[in-house]
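Since the structure comes first, as structure tokens, the remarks are kept for the end.
All residue numbers in this chain count up from 1 along the given sequence. This is a predicted model, so every value here is computed, not measured.
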Amino acid sequence: MTYNMTESLALTYAQRLIACESVTPARGEVFDAMEAMLIPLGFSVERFIAGADDSDPAHGGPVENLFAIRGNSGRHFAFAGHLDVVPPGNGWSGHPFEPRVEGGLLYGRGAVDMKGSIAALIAALHDIPEESGTISLIITGDEEGPAIHGSRALITHMQARGTIPDLCLVGEPTSVNRLGDMMKVGRRGSVNMWISVDGTQGHVAYPHLAANPIPALVRILAEIDAITLDEGTEFFQPSNIEITDLHVGNHATNVIPAKAEARLSIRFNDLHSGENLVAMIGEIVARHGGTLRDMISGEAFLTPPGELSQTLGEVISEVTGLTTERSTTGGTSDARFLSKICPVVEFGLCNATMHKLDEAVAIADLEVLTEIYRTVIQRLLSA
């Protein structure tokens, strides 16, 4: 295929979005830019701030969210995504929020994850008549952060207005080597746990006057490390437990410390739940005299083979010639929340440069993705 890059709507939209500095939690200018793109296409745009009254800094508020909808009859297709990006870091060859085109690539933070996909979706909407059916966009500024006040707040907003989609496509960068080689039909769940063992500080020469918490923590971690959660399933890789931090903070060589701490991260498939895993680890920790704190980031989910993944796969094959792998690998995404209200599949650009210095997307991929999104929406709405 040959594209006239100077007339590319997807490229133009991607440049406008990248030019808006939107490190998570995103608010303001980048949402203004997106609203300005949607209003001429007949969308009603609703924006709101969530988490403004949340005093816990770990929750990342306040967060801006956008829900846009066009149509009120027929099937309801939704596209979900996020306008926030991770911090750019130092060492870019250009300014991360000054989009530049070079060698057929568009550079800028968010080019891949995921302003490029959003730009392609909006470009695709230009060729879909309003009478085709109901289309909505579910866009948050909090996917790269704690995800407390983002998509969850948007779901509450949609439920309150009685607008739940029939199908949802999330534009995360799922492709690996070539655009179209992978879609995500599910994700593993994620839970982090913090283990603490208290002791009694004292001089190492008088251990009978102290209580060392480290041996108890070592026994806890050894027992946890010996656990095999499962061998995987038809759609999921094996669940895994990783010890991600150990902390005592004892700078003296002659002092028995008063506390020892560790942190775990568990990625789990649909054979488990976050609650059950917390209970299992909690029993081990309590048995050795420790305490446990947990944060369940999301449960595992799977969208079984069906119309959404089949249609997407057929269109990708027609446009790119590739057979798309249906995968559940990788990290988590906001699809874990949206999967509770409707079937969800994730598909977007190649993820090789996401979160990296000089993040870039091939302009040709923006055009191909636009065509895929356009055809998928048309077929799903006409089914």
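Under the 4.0 Å criterion applied to side-chain N and carboxylate O atoms, E346 and R187 are assigned as salt-bridge partners. Ion pairing between D32 and R47 holds under the 4.0 Å rule for side-chain N and carboxylate O. A salt bridge does not link R16 to E29: none of the charged side-chain nitrogens sits closer than 4.0 Å to a carboxylate oxygen. Using a 4.0 Å cut-off between charged nitrogen and carboxylate oxygen, R75 and E307 count as a salt-bridge pair. At a threshold of 4.0 Å, the pair K356-E359 does not count as salt-bridged, since none of the basic side-chain nitrogens sits closer than that to a carboxylate oxygen. With respect to the salt-bridge test (charged N to carboxylate O, under 4.0 angstrom), the residues E46 and R161 qualify. Ion pairing of E223 with R219 is absent here, as no side-chain N (NZ or NE/NH1/NH2) approaches a carboxylate O to less than 4.0 Å.
The closest donor-acceptor contact from the side chain of S317 to the backbone of G313 lies at 3.5 Å or more, if one exists at all. Between the side chain of T24 and the backbone N or O of A26 there is no donor-acceptor pair closer than 3.5 Å. Between the side chain of D198 and the backbone N or O of K259, no donor-acceptor pair lies under 3.5 Å. Side chain of K184 to main chain of T329: a donor-acceptor pair is present (N/O by atom type, distance under 3.5 Å, no hydrogens or angles). One N or O on the side chain of D181 and one on the backbone of R178 form a donor-acceptor pair closer than 3.5 Å. Of the possible polar contacts, one joining the T303 side chain to the V344 backbone as a donor-acceptor pair under 3.5 Å is found. Side-chain atoms of N254 do not come within 3.5 Å of backbone N or O of A205 as any donor-acceptor pair.
More than 12 heavy atoms of other residues, nucleotides or ligands sit less than 6.0 Å from atom CD of Q159. Atom CD of E231 has 12 or fewer heavy atoms from other residues, nucleotides or ligands within 6.0 Å. Shown here is N72, whose CG atom has no more than 12 heavy atoms of other residues, nucleotides or ligands within 6.0 Å. Other residues, nucleotides and ligands place more than 12 heavy atoms under 6.0 Å from the CZ atom of R379.
Counting side-chain heavy-atom gaps under 4.5 Å among Ile, Leu, Val, Met, Phe, Trp and Tyr, the cluster of L209 also holds Y206. Chaining together hydrophobic side chains whose heavy atoms lie under 4.5 Å apart places V197 alongside V191, M193, I195, L217, I220, L221, I224, I227, L229, I241, I243, L246, L264, I266, F268, L277, V278, M280, I281, I284, V285, L292, I296.
In this structure, V85 is not a member of the same hydrophobic cluster as L121, with clusters built from ILVMFWY side-chain heavy atoms closer than 4.5 Å. By the criterion of side-chain heavy atoms lying less than 4.5 angstrom apart, applied directly or through intervening Ile, Leu, Val, Met, Phe, Trp or Tyr residues, F67 is not grouped with M114; the two fall into different hydrophobic clusters. If you chain together hydrophobic residues whose side chains sit under 4.5 Å apart, M158 and I49 never meet in one group. Residues F337 and L154 share a hydrophobic cluster, clusters being chains of Ile/Leu/Val/Met/Phe/Trp/Tyr side chains in contact below 4.5 Å. I138 and F301 fall into different hydrophobic clusters, where Ile, Leu, Val, Met, Phe, Trp and Tyr are joined by side-chain heavy atoms under 4.5 Å apart, directly or via other members.
With respect to M354, the side chain to side chain contact (heavy atoms under 4.5 Å, CB included) criterion is satisfied by exactly one of V361, L349, V112: V112.
D230 and N269 are linked by a side-chain donor-acceptor pair at a separation below 3.5 angstrom, with hydrogens and angles left out of the test. Side chains of H149 and N65: no donor on one and acceptor on the other come within 3.5 Å. The closest side-chain donor-acceptor pair between H355 and D113 falls under 3.5 angstrom. When only modelled atom types and interatomic distance are considered, N192 and S265 share a side-chain donor-acceptor pair under 3.5 Å. Side chains of H76 and T163: no donor on one and acceptor on the other come within 3.5 Å.
Between S151 and R336 there is no side-chain heavy-atom pair separated by less than 4.5 Å. Between L66 and L38, the closest side-chain pair of non-hydrogen atoms falls below 4.5 Å. With contacts defined as side-chain heavy-atom distances shorter than 4.5 Å, the pair I135/I69 does not qualify. Annotation: side chain of S273 is in contact with side chain of E299 (closest heavy-atom distance under 4.5 Å).
The minimum heavy-atom distance linking E172 with S333 is given by the pair CG-CB, 4.1 Å.
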N/O donor-acceptor pairs under 3.5 Å from side chains in residues 96-106, not counting sequence neighbours:
{"unit_1": "R100", "atom_1": "NH1", "unit_2": "E102", "atom_2": "OE1", "d": "2.8"}
{"unit_1": "R100", "atom_1": "NH2", "unit_2": "S93", "atom_2": "OG", "d": "2.4"}

Might you work through the side-chain contact (heavy atoms from CB on, under 4.5 Å) test for K115 and S22, ending with a clear yes or no?
CA-CA 11 Å; K115 292 179 177 180; S22 57; 2.8 Å; yes
